[in-house]
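Below is one structure, written out as structure tokens, with a few remarks after it.
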Amino acid sequence: MNSEKIVLITGANSGIGKAAAFKFAREGCTVIMACRNLELSTGVQEEIKRTTKNERVDLIKLDVSSFESIRTFCSQFKEQYEKLDVLIHNAAYANHGEKYRLSADHIELTFATNTIGPYLMTMLLVDHLKKSDDARILHASSNIVKHYFDPKKDIDVSNLRGERKDDKKFSVYNMYRDSKMALVLLTFKLAEELKSEGIKVNAIQINGAKMSKETLMKFTPAWRMIARIQNLFFPPPKKFAECYFKICMTEQFKTTTGKLINDKNEIMEPTVTNPNIKMQIKQFTGSNLYPAYAENRDNWEKVWNFCRELTRLKAE
Ligand SMILES: NC(=O)c1ccc[n+]([C@@H]2O[C@H](COP(=O)([O-])OP(=O)(O)OC[C@H]3O[C@@H](n4cnc5c(N)ncnc54)[C@H](OP(=O)(O)O)[C@@H]3O)[C@@H](O)[C@H]2O)c1
């Protein structure tokens, strides 16, 4: 029964997160919008309640780039709710063209928001997820990870603590690319770690959804122009909200875990090492292959270790 489901969505005030909050609320779930700007998000919360006629749409403040905010959020959530069925890590930092920025915990902001924060939040909510009889976690990744079809690519963790913060070559785009690959690796590792608890963990590869005016304004002018052109070809956020729902709520994905799923709701497969030309074309033009880099367990461990070290969560 959807009415028994408790669904937590980060960054639910805008874009795909907002469309997803509408979708889950319309389907009768209890929805918790985890957003950093309460003033702006209250209007969205009211709009969702009014339109869907579902009063069980809650709003709790969360800045997912800040450990303190995550801890406060999780305590409040656990006080208010008995369990958690669906956790969607949708919020992301992608302010293309911006300079290097550090989070409140002195971690590069793209990684703090897109990878480390979601990791900490999941770990703090595991006990509540365990109380669900069908717990599912979904990470929003991106087709930007296709860069990793280049076998020379490797996640660079040497500049996550401000080591080269004044480097003129710094690019949010590259950090975003790496943070989204790190999220895929974290998905695979977490799926294994949480399997015995019955918690499923998957990621969705988003190819591009129409961005709002507010999102476009976060980019520098040159990046904004590129994004405006891309927007002409992108489907509305609603398309991916439907995917979120399908992956997190339907029987089709009830036992699926440790997978990357595309926008056609197909489970993606890793590519082969040393692909021939035909395969290389398929990698870039198709939508069901992901880089072999994501299959390498050493890479899983690298992400797992830096998430643990940076959040100071110790191994069991
Ligand atoms: N749209 C695309 O073309 C595309 C392509 C590939 C992947 N994706 C992924 O899809 C997801 C949704 O993207 P979208 O296009 O819907 O973007 P969006 O409309 O810009 O939404 C991003 C959301 O994240 C929130 N957020 C950012 N930093 C946060 C923080 N520190 N704490 C809490 N919330 C924070 C934003 O809140 P504020 O409103 O307060 O800024 C906003 O609600 C993201 O993970 C993105 O990386 C999108």
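We count ligands from 1, going down the list as the structure has it; atoms in each ligand are counted the same way. For the numbers below, each heavy atom of this structure counts, side chains included, while hydrogens, waters and symmetry mates do not.
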Contacts table for residues 124-132: side-chain donor-acceptor under 3.5 angstrom, sequence neighbours left out:
residue	atom	partner	partner atom	Å
H128	NE2	Y81	O	2.6
S132	OG	D85	OD1	2.6
S132	OG	D134	N	3.0
S132	OG	A135	N	3.4

Co-members of the apolar cluster containing L232 [side chain, <4.5 Å]: I229, F233
Pairs meeting criterion ring-ring contact (aromatic ring centres under 6.0 Å, His included) with involvement of residues 6-26, two or more places apart: F24-F245
Whether N202 side chain and T256 backbone form a donor-acceptor pair below 3.5 Å: yes
Between T122 and H89, a side-chain donor and acceptor under 3.5 Å: yes
D167/K169 salt bridge by N-O under 4.0 Å criterion: no
Close-range residues for ligand 1, whose non-hydrogen atoms fall below the 4.0 Å threshold: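 Residues G11, N13, S14, G15, I16, R36, L62, D63, V64, S65, N90, A91, A92, T113, A140, S141, S142, Y176, K180, I206, G208, A209, M211, T215, K218, F234 each place a heavy atom under 4.0 Å from ligand 1, listed by chain and number.
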